[in-house]
Protein chains: 2
Amino acid sequence: MQKSAKSLEVAGKKEQLKSFLKEGGLKSTRQRDIIATEFLNNKGHVTAEELYRIINRKHKDIGFTTVYRTLKLLTRSGLAAERVFSDNLTRYESFSSEDHHDHLICLNCGSITEFKNEKLEKLQEKIADDFSFHPMTHKMEIYGYCMECNKQTSKHGEQT
Amino acid sequence: MQKSAKSLEVAGKKEQLKSFLKEGGLKSTRQRDIIATEFLNNKGHVTAEELYRIINRKHKDIGFTTVYRTLKLLTRSGLAAERVFSDNLTRYESFSSEDHHDHLICLNCGSITEFKNEKLEKLQEKIADDFSFHPMTHKMEIYGYCMECNKQTSKHGEQT
DNA sequence: AAGGAAATTGAAATTCATTTTCAATATCAT
DNA sequence: ATGATATTGAAAATGAATTTCAATTTCCTT
Ligand SMILES: [Zn+2]
Ligand SMILES: [Zn+2]
Ligand SMILES: [Zn+2]
Ligand SMILES: [Zn+2]
């Protein structure tokens, strides 16, 4: 991806945040701008704490609470999504409502890989249907060992 | 299922627990016996707190901590499994290593329904394979509205 | 460009589930 | 029965998530 394309995407999202704030009678602040920028440029699935540490390196005056609250705001505005994996920490990922995906999580190095699978989406419908259940969303997490970690270790244990 | 069949199953599991305890140099106690019995006869996905409340009705002398610790023990022995759904509470379900399953969770009433789907299991392998990922286990949770709750409400919102 | 109502900030306090500590008690191999 | 060791339960500690509150900032109105 070109540098300008990415920048444009981030700029668009920041506009979206501004609209969201204005609509709700909320205010745009220096802190929110910095936090949103840092978050949107970061690819991963970060905890509030992690993002705070990253921001704190450059901005000693921005507190953890504000980072936490801004992530909640981003979530409410539809720009971020909260995710909780098996370590039970709340992580945030940059998100647009159109891009649902699921995750592969490495039990060794903790790396999180995203995937999207049409068959899986269809299967959710089918399974729910069998129970006359009306599905709204789902969570599919595959835990195991990533390619990198597989190279290093040769054998692994059993299933849950 | 017949009453005696269920009883036998529970009895078998209690034997399994005893073996586990003996092997580890741990002791069988009145409390552990009561807690295991109550847990194994309970079908649901209970939190430590919920199980404690159930037990506390009949056994005022058994503390929360012991219930909590016994659930951990049951988990280590392979008779229970810990589950965390979107309310972020740790729940325990009676479990045998052979019966992997996934869950349908109602956003309205909180009911938890189990399902097992072969296609889903196969699909996990396929997806992991695409990423040269070595899968050990997975978690599939479908959130939506159960049949009962669908009867009452007619319309529901969007997706994640 | 002030003025001022209303929102935001950051440190500290609180919440709440979970986990650990510790002194008293129970288990069980000998 | 004895004694070494594990267990128990109340209370304390932990730690992430959330709330409180006084000081500050934003931004609408004049
Ligand atoms: Zn890895
Ligand atoms: Zn993701
Ligand atoms: Zn329901
Ligand atoms: Zn289950």
Side-chain angles (χ1 to χ4, degrees), chain A residues 14 17-36 38-39 45-77 80-92 110, chain B residues 14 17-36 38-39 45-77 80-92 110:
Chain A
K14 285 174 67 174
L17 176 60
K18 266 194 177 163
S19 306
F20 174 81
L21 292 174
K22 194 160 291 178
E23 276 178 28
L26 305 178
K27 292 168 179 171
S28 291
T29 64
R30 181 182 60 87
Q31 290 93 329
R32 284 176 181 171
D33 189 66
I34 291 168
I35 295 164
E38 207 64 54
F39 174 71
H45 297 72
V46 292
T47 62
E49 184 63 34
E50 283 165 1
L51 187 59
Y52 165 68
R53 292 224 184 101
I54 290 166
I55 289 170
N56 187 250
R57 291 204 287 263
K58 293 182 187 172
H59 305 275
K60 297 294 180 197
D61 62 325
I62 297 183
F64 167 80
T65 312
T66 303
V67 173
Y68 165 78
R69 281 188 289 220
T70 302
L71 285 169
K72 286 285 185 189
L73 259 183
L74 287 164
T75 302
R76 282 200 278 140
S77 78
E82 292 189 350
R83 301 285 188 187
V84 180
F85 301 120
S86 65
D87 62 3
N88 269 49
L89 296 180
T90 300
R91 291 166 194 282
Y92 297 82
Chain B
K14 286 175 65 176
L17 176 60
K18 266 194 178 163
S19 305
F20 174 80
L21 293 174
K22 193 159 293 178
E23 275 177 30
L26 306 178
K27 291 169 182 175
S28 291
T29 65
R30 181 181 62 87
Q31 290 93 329
R32 283 174 180 172
D33 187 67
I34 290 167
I35 295 165
E38 207 65 54
F39 173 72
H45 296 71
V46 293
T47 63
E49 185 64 33
E50 283 165 0
L51 187 60
Y52 165 67
R53 291 224 184 100
I54 290 167
I55 288 170
N56 187 251
R57 290 203 288 264
K58 293 182 188 173
H59 305 277
K60 297 294 177 196
D61 61 324
I62 296 183
F64 168 80
T65 313
T66 303
V67 172
Y68 164 79
R69 280 188 288 221
T70 303
L71 285 169
K72 286 286 187 190
L73 258 185
L74 286 164
T75 301
R76 282 200 277 139
S77 78
E82 291 189 351
R83 301 285 189 187
V84 180
F85 301 119
S86 64
D87 62 3
N88 267 50
L89 297 179
T90 301
R91 291 166 195 282
Y92 296 83

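Chain letters run A, B, ... following the sequence lines, proteins first and then strands; every chain starts at 1. What you see below is based on every heavy atom in this structure, not just the backbone, and it leaves out hydrogens, waters and symmetry mates. Note that the coordinates shown come from a computational prediction; the quantities given were computed from them, not determined experimentally.
Remark: C1' of D:dT8 and CG of B:Leu73 are 13 Å apart, rounded to the nearest angstrom. Straight-line distance from the OH atom of B:Tyr52 to the C1' atom of C:dT19: 17 Å, rounded to whole Å. In this structure, B:Lys60 places its NZ atom 18 Å from C1' of D:dT8, rounding to the nearest Å. Spacing between atom CD of A:Glu50 and atom C1' of D:dA16 amounts to 13 Å, rounded to whole angstrom units. Atom NZ of A:Lys18 and atom P of D:dT26 are 13 Å apart (whole Å). What separates CG of B:Asn88 from P of C:dT18 is a distance of 9 Å, to the nearest Å. Rounded to whole angstrom, the span from the NE2 atom of B:His59 across to the P atom of D:dG9 amounts to 12 Å. Between B:Lys22 atom NZ and C:dT27 atom P there is a gap of 14 Å when expressed in whole angstrom units.
Counting non-hydrogen atoms under 4.0 angstrom, A:Arg69 reaches a base of the nucleic acid. As judged by a 4.0 angstrom heavy-atom cut-off over every strand, A:Thr47 is placed among residues making no nucleic acid contact. Note on B:Lys72: only backbone sugar-phosphate atoms sit closer than 4.0 angstrom, heavy atoms only; bases stay farther off. Across all strands, B:Thr90 comes closer than 4.0 Å only to sugar-phosphate atoms, never to a base (heavy-atom distances). Using a 4.0 Å heavy-atom criterion, one finds that B:Asp61 contacts the sugar-phosphate atoms exclusively.
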Yes or no on side chain to side chain contact (heavy atoms under 4.5 Å, CB included) for B:Thr66 and B:Thr29, after CA distance, side-chain angles and deciding distance? CA-CA 11 Å; B:Thr66 303; B:Thr29 65; over 6 Å; no
Show your reasoning for whether side chain to side chain contact (heavy atoms under 4.5 Å, CB included) applies to B:Arg30 and B:Asp33. CA-CA 5 Å; B:Arg30 181 181 62 87; B:Asp33 187 67; 5.8 Å; no
Between A:Glu49 and A:Leu89, does the side chain to side chain contact (heavy atoms under 4.5 Å, CB included) criterion hold? Intermediate values first, please. CA-CA 10 Å; A:Glu49 184 63 34; A:Leu89 296 180; over 6 Å; no
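Residue B:Gln31 places at least one side-chain N or O under 4.0 Å from the OP1 or OP2 atom of D:dG9. At least one side-chain nitrogen or oxygen of B:Arg32 sits closer than 4.0 Å to the OP1 or OP2 atom of D:dT8. One finds no side-chain N or O of B:Tyr68 lying less than 4.0 angstrom from the OP1 or OP2 phosphate oxygen of C:dT18. Note on A:Thr29: a side-chain N or O is less than 4.0 Å away from OP1 or OP2 of C:dT9.
Rounded to the nearest 0.5 Å, atoms OG1 (A:Thr70) and CZ (A:Phe39) are 11.0 Å apart.
Ranked by how close their nearest DNA chain D nucleotide is to the 5' end, B:Phe64 and B:Gly24 are led by B:Gly24. Remark on DNA chain C: of its neighbouring residues B:Ser28 and A:Ser28, the 5'-side contact belongs to A:Ser28, judged by nearest-heavy-atom nucleotide. Summary of the strand contacts: A:Glu82 and B:Thr65 both lie near DNA chain D, and taking for each the nucleotide with the nearest heavy atom, the more 5' one is attributed to B:Thr65.
Counting atom types as modelled, A:Lys27 pairs no side-chain N or O with a base atom of D:dT25 as donor and acceptor under 3.5 Å. A donor N or O paired with an acceptor N or O is not found under 3.5 Å between the base of C:dT18 and the side-chain atoms of B:Arg91.
Partner of A:Val67 under the side chain to side chain contact (heavy atoms under 4.5 Å, CB included) criterion, out of A:Leu51, A:Ile54, A:Val46, A:Ile34: A:Leu51 alone. The only member of B:Arg83, B:His45, B:Glu82, B:Glu50 that meets side-chain hydrogen bond (donor to acceptor under 3.5 Å, both in side chains) when paired with B:Tyr92 is B:Glu82.
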